[in-house]
Amino acid sequence: MTQPSHNPLGWLGIARLGLVQSALGAVVALTTSTLNRVMVVEMAMPAMLPAALVGLHFAVQITRPHWGYGSDLGSRRTPWIIGGMACLCLGAIGATHAALMMANAPELGVLLSVLAYLMIGMGVGASGTSLLALLATRVAPERRPAAASITWIMMIVGIVVSSIIIAQLITPFSSRALIFAATAVAGCAFLVTLAAVHGVELPKGAVVAESEAAEEAPEPVPFRQALKDIWAEPLARNFSIFVFVSMLAYSAQDLILEPFAGLVFQMTPGQSTQLSGVQNMGVLLGMILTGAIGGRSSRSGKNWLATWAIFGCLGSALALLGLAAAAEIGPGWPLKPTVFALGFANGIFAVAAIGSMMGLAGSGQKSRVGIRMGIWGAAQAIAFGLGGFFGAMGVDGLRAVLPETGHAFLVVFVIEGALFLVAAYLASRLEHQKSRVFTETDGPAQLVGRGSPLTQG
């Protein structure tokens with residue numbers, strides 16, 4: 001008997017899955033922002049320690065392709081999403097207890113923190129990868145780029161909301177208040193995930209609509225050969241380098257912004273958490289504005305991705321120079337507007353990067369969306385881990401040799417700005433390379449066949 005076909009997900013279904021990204025962002029923000037600040041400022045630990053722990057959770061995410069492969073074998077994504085979220089939430093609660101334990105039992109606290117951050121990395125990898133796989137199978141091809149942007153924006157919303165809630169819950173600061181805040185955020189995130197994924201995935205063996213299943217399956221070649229083939233594509237390889245450099249710059253300030261606010265501007269934990277929310281609000285508005293303007297440009301036939309990527313990188317570099325000035329001047333500097341400007345420029349860059357990823361992921365002579373996204377996901381994860389760690393290590397090392405704490409942050413912010421300038425140059429080279437490929441081929445069809453990251457809007 002023929003199974004009835006099911007239509008692809010509509011915008012409401014996409015938004016429901018976006019709630020999972022919101023939950024992921026909310027829990028991860030607790031560990032990379034609030035706990036980082038508490039360990040460095042309240043507990044007077046070297047910034048390298050939380051940076052190394054956060055770097056560990058990014059390093060674990062290199063295994064993302066294996067989590068996706070596991071969900072492929074079972075033909076079900078929902079259990080992997082829920083199981084990954086459970087692992088993430090338990091890891092976040094464990095990380096909070098372990099961080100506070102370091103005050104009295106540092107060795108045991110560090111050991112438990114390592115275990116907790118391993119759980120956080122595995123949880124993000126399993127849940128996030130399976131979520132993207134579910135989106136790819138349940139969303140119509142023409143809606144996938146928009147779906148990716150929506151889910152990213154909703155992740156930022158989750159970070160902003162959680163920052164506001166945590167700031168309220170930990171003011172005035174105490175260990176008990178921090179534990180309560182971590183448990184509340186993790187518990188709510190898990191419940192939101194359960195509600196969001198309920199009934200979204202089709203039953204096993206269900207037939208999808210023809211428009212959703214029209215794409216040809218990739219050739220069954222070994223993993224290493226597929227990886228080699230894609231890395232041999234110049235644009236795919238160069239885009240990977242752009243992702244690495246830009247994300248290195250993007251993440252280098254992530255673990256030092258709140259300690260900077262506490263050490264140089266004497267902000268309380270609640271105030272510095274609110275500052276993180278200001279930054280993420282800027283990211284959110286930058287993404288929304290760029291997506292709206294870029295959508296009109298795309299419909300008019302203009303290539304907007306390269307322009308906005310370059311503009312976002314240059315704007316981020318300028319904002320980081322503003323933070324460097326803030327490190328020199330101190331409390332008299334308008335810190336919140338500067339942080340908002342950094343977030344806004346980051347949001348512009350992020351939307352352009354996402355659009356480029358989605359355009360290149362489905363291009364090339366062979367359709368291997370999963371492994372392409374895996375390559376860029378690995379580049380992003382490695383860059384995030386290294387950026388956060390070396391940013392914090394740089395601050396620690398410079399504080400030991402420079403007379404003022406603000407000068408250490410100043411040097412690191414300037415280096416981050418320089419990295420964004422390099423990323424802007426790489427983005428311009430990608431556009432130049434795309435244009436050259438276009439003129440050397442017979443038309444757009446061959447351009448797409450060569451895997452340009454900047455041809456899709």
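Given the structure is predicted, the values throughout are model-derived calculations rather than measurements. Computed from heavy atoms alone, side chains included, the values below leave out hydrogens, waters and symmetry copies.
Side-chain contact between V38 and F173 is present, with at least one heavy-atom pair separated by less than 4.5 Å. Side-chain contact check for L194 versus I82: some heavy-atom pair is nearer than 4.5 Å. Within the 4.5 Å cutoff, the side chain of L342 has heavy atoms near those of the Q253 side chain. Side chains of F239 and L426 form no contact here, defined as non-hydrogen atoms less than 4.5 Å apart. Counting only heavy atoms from C-beta outward, the side chains of L17 and I150 never approach each other to under 4.5 Å. Counting only heavy atoms from C-beta outward, the side chains of V27 and C89 approach each other to under 4.5 Å. A heavy-atom distance below 4.5 Å is found between the side chains of S113 and M102. Contact annotation: the side chain of V40 never approaches that of M45 to less than 4.5 Å [non-hydrogen atoms, C-beta and beyond].
Considering CG of L100 and OG of S175, their distance stands at 4.5 Å, rounded to 0.5 Å. Note that CZ of F349 and OG of S246 are 3.5 Å apart. Values are rounded to the nearest 0.5 Å. Rounding to the nearest 0.5 Å gives a distance of 14.0 Å between CG of L386 and CE of M247. If you take CG on L115 and CG on L90, they are separated by 10.5 Å, rounding to the nearest 0.5 Å. Between atom OH of residue Y117 and atom CG of residue L112 there is a gap of 12.5 Å, rounded to the nearest 0.5 Å. Atoms CG and OG1, on L53 and T31 in that order, are 10.0 Å from each other to the nearest 0.5 Å.
Considering all non-hydrogen atoms of both residues, P259 and V41 come closest at CA-CG2, 4.0 Å. In plain terms, the two heavy atoms of A167 and Q274 that are nearest each other are CB-CG, 3.7 Å. The two residues S130 and I81 have their closest heavy-atom pair at CB-CG1, 3.7 Å. Of all heavy-atom pairs spanning A341 and A319, the tightest one is C-CB, 4.1 Å. Across all non-hydrogen atoms, the minimal contact from A23 to T193 is CB-OG1, 3.7 Å. The two residues G406 and V264 have their closest heavy-atom pair at CA-CG2, 4.0 Å.
Side-chain atoms of S251 come within 3.5 Å of backbone atoms of A383 as a donor-acceptor pair (strictly under, hydrogens ignored). Checked by atom type and distance alone, the side chain of S272 never pairs as donor or acceptor with a backbone atom of A261 at under 3.5 Å. The closest donor-acceptor contact from the side chain of N280 to the backbone of I159 lies at 3.5 Å or more, if one exists at all. Side-chain N or O atoms of S174 include none that pairs as donor or acceptor with a backbone N or O of I170 at under 3.5 Å. The backbone N or O of A195 lies less than 3.5 Å from a partner atom in the side chain of R16, making a donor-acceptor pair. Looking at H57, its side chain does come within 3.5 Å of a backbone N or O of V54 through a donor-acceptor pair. The main-chain N or O of T78 is found under 3.5 Å from a side-chain atom of E201 such that the two form a donor-acceptor pair. Checked by atom type and distance alone, the side chain of E258 never pairs as donor or acceptor with a backbone atom of I256 at under 3.5 Å. Between the side chain of T171 and the backbone N or O of Q168 there is no donor-acceptor pair closer than 3.5 Å. With hydrogens and angles disregarded, a donor-acceptor distance shorter than 3.5 Å links the side chain of Q271 to the backbone of T268.
In the model, W80 has no side-chain atom that pairs as donor or acceptor with a side-chain atom of S127 under 3.5 Å. A donor and an acceptor atom, one from each side chain of T151 and Q21, are nowhere located under 3.5 Å apart.
Screening M85, M154, M155 against L24 for a side-chain contact (heavy atoms from CB on, under 4.5 Å) leaves a single residue, M85.
In this structure, F265 has its ring center closer than 6.0 angstrom to the ring center of F260. For Y250 and F384, the gap between ring centers is short of 6.0 Å.
Look at E42 and R37 and you find a salt bridge, because one of the NZ, NE, NH1 or NH2 atoms lies within 4.0 Å of a carboxylate O, short of that distance.
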Practice task
Please assess I348 against L289 for the test side chain to side chain contact (heavy atoms under 4.5 Å, CB included), listing each intermediate value before the final yes or no.
Solution key: CA-CA 8 Å; I348 293 173; L289 178 63; over 6 Å; no
Exercise for the section: Evaluate side chain to side chain contact (heavy atoms under 4.5 Å, CB included) for V124 paired with Q61, printing each intermediate quantity in order. Expected result: CA-CA 7 Å; V124 172; Q61 292 182 53; 3.5 Å; yes
Practice task
Take L178 and T96 through the test side chain to side chain contact (heavy atoms under 4.5 Å, CB included) and record every step on the way to the result.
Solution key: CA-CA 8 Å; L178 181 61; T96 304; 3.8 Å; yes
Practice task
Starting from the C-alpha separation in whole Å, work towards a yes-or-no answer on side chain to side chain contact (heavy atoms under 4.5 Å, CB included) for R399 and L263.
Solution key: CA-CA 11 Å; R399 286 180 66 190; L263 293 171; 3.5 Å; yes
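For M119, the CE atom sits in a packed shell: over 12 heavy atoms of surrounding residues, nucleotides or ligands are nearer than 6.0 Å. Within a 6.0 Å sphere centred on CZ of F180, other residues, nucleotides and ligands contribute 12 heavy atoms or fewer.
Sequence neighbours left out, not one pair with a member in residues 120-139 passes ring pair (Phe, Tyr, Trp, His ring centres under 6.0 Å).
Residues forming a ring pair (Phe, Tyr, Trp, His ring centres under 6.0 Å) with F344 (at least two apart in sequence, or on another chain): none.
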